[in-house]
Amino acid sequence: MGKLAVRALRAVLAVVLAGTAFVQAGMVWALVSGSDPEDGSVPLTALRVITILGMMSAQVALVCVWRLVAMVRRGTVFSHAAFRYVDILIGAIVAASLVWFAVTIVNAPGQRDDPGVSVIMAGIGVAILGVALMVLVLRMLLAQAVARDVEAARMQTELDEVI
């Protein structure tokens, strides 16, 4: 990965992390202050709590990607240490899909006249789970690469002994 790509990705990650922290702070403030009372049409308190949890899962994913980019830059991504971040990333994506399903459930009673919205929202939750499965496949590729790297190191050691 080039220096420009790493810097650009880190800039994007930092902006998104700051944005999610800003949204979380706003949601926490709205919960604590009670500044806009619910009129009963939408369960705002539940949606605020769900939003806070969703932002937390996004932040965890962002931090894991940041750490993985650092490992790529150092050339240490093909190691067993990378699995920890990939596993946490998969968990954060699954958590995000569960949060999205919670939003769908909270929103569903208001969509009785048009249930298609709830179906579309559920489809988005399934798509988020699909992203977790794609990252799982990439984890398997990482496992194969690490295994090959270990095997290559073992063979190099044997070759050094012979020479």
Side-chain angles (χ1 to χ4, degrees), residues 1-28 46-108 111 115-162:
M1 238 175 138
K3 287 182 181 181
L4 181 61
V6 169
R7 286 183 182 150
L9 180 57
R10 284 186 174 169
V12 169
L13 293 174
V15 167
V16 173
L17 190 61
T20 58
F22 180 74
V23 169
Q24 268 184 322
M27 293 294 115
V28 169
L47 287 174
R48 286 186 182 124
V49 170
I50 292 169
T51 301
I52 292 167
L53 295 174
M55 294 298 111
M56 286 174 60
S57 67
Q59 290 166 343
V60 168
L62 290 169
V63 169
C64 288
V65 170
W66 185 286
R67 295 295 300 153
L68 288 168
V69 168
M71 292 180 82
V72 167
R73 195 73 187 121
R74 287 190 312 261
T76 60
V77 76
F78 294 114
S79 66
H80 292 286
F83 289 108
R84 174 176 42 165
Y85 298 112
V86 175
D87 291 340
I88 294 170
L89 179 62
I90 292 169
I93 296 170
V94 170
S97 71
L98 295 176
V99 166
W100 185 258
F101 285 129
V103 169
T104 303
I105 291 167
V106 168
N107 189 47
Q111 301 299 326
V117 172
S118 295
V119 172
I120 291 169
M121 289 178 70
I124 292 170
V126 171
I128 296 169
L129 280 176
V131 172
L133 289 173
M134 285 188 273
V135 176
L136 181 63
V137 168
L138 293 173
R139 184 196 186 284
M140 291 178 199
L141 292 173
L142 177 64
Q144 287 179 357
V146 169
R148 294 205 197 286
D149 194 39
V150 168
E151 180 66 17
R154 185 187 62 76
M155 293 173 100
Q156 182 65 43
T157 303
E158 289 178 10
L159 184 61
D160 289 343
E161 289 175 4
V162 170

Please give me the minimum heavy-atom distance between [X] and [Y], naming the atom from each residue.
X: V94; Y: A132; value: CG2-CB, 3.8 Å
X: S118; Y: A108; value: OG-CA, 3.6 Å
X: T20; Y: L17; value: OG1-O, 2.8 Å
X: R10; Y: W66; value: O-CZ3, 3.3 Å
X: A82; Y: L68; value: O-CD2, 3.9 Å
X: S97; Y: G125; value: CB-O, 3.8 Å

When rounded to the nearest 0.5 angstrom, what is the spacing between [atom1] in [X] and [atom2] in [Y]?
X: L4; Y: R7; atom1: CG; atom2: CZ; value: 8.0 Å
X: Q156; Y: E158; atom1: CD; atom2: CD; value: 10.5 Å
X: L47; Y: N107; atom1: CG; atom2: CG; value: 7.0 Å
X: L13; Y: L9; atom1: CG; atom2: CG; value: 4.5 Å
X: L142; Y: S79; atom1: CG; atom2: OG; value: 8.0 Å
X: L89; Y: R84; atom1: CG; atom2: CZ; value: 13.5 Å

Short side-chain to backbone donor-acceptor contact, T104 and W100, under 3.5 Å: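 Yes: the side chain of T104 pairs with the backbone of W100.
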Side-chain contact test, heavy atoms from C-beta onward, threshold under 4.5 Å: evaluate it for K3 versus V6 and give yes or no.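 K3 does not reach V6 side chain to side chain.
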Side chain to side chain contact (heavy atoms under 4.5 Å, CB included) evaluation trace for Y85 with M71: CA-CA 10 Å; Y85 298 112; M71 292 180 82; 3.9 Å; yes
Have a look at F101 and tell me which of V106, L129, I124 forms a side-chain contact (heavy atoms from CB on, under 4.5 Å) with it.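 Passing option: L129.
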M27 and M55: CA distance, side-chain angles, deciding distance, side chain to side chain contact (heavy atoms under 4.5 Å, CB included) verdict: CA-CA 10 Å; M27 293 294 115; M55 294 298 111; over 6 Å; no
State whether E151 and R148 are salt-bridged, where the test is any N-O pair (Lys NZ or Arg NE/NH1/NH2 against Asp/Glu carboxylate O) under 4.0 Å.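 No salt bridge links E151 with R148.
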Take atom CZ in F22; do more than 12 heavy atoms of anything else shown fall under 6.0 Å from it?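 Counting neighbours around CZ of F22, 12 or fewer heavy atoms of other residues, nucleotides or ligands fall under 6.0 Å, so no.
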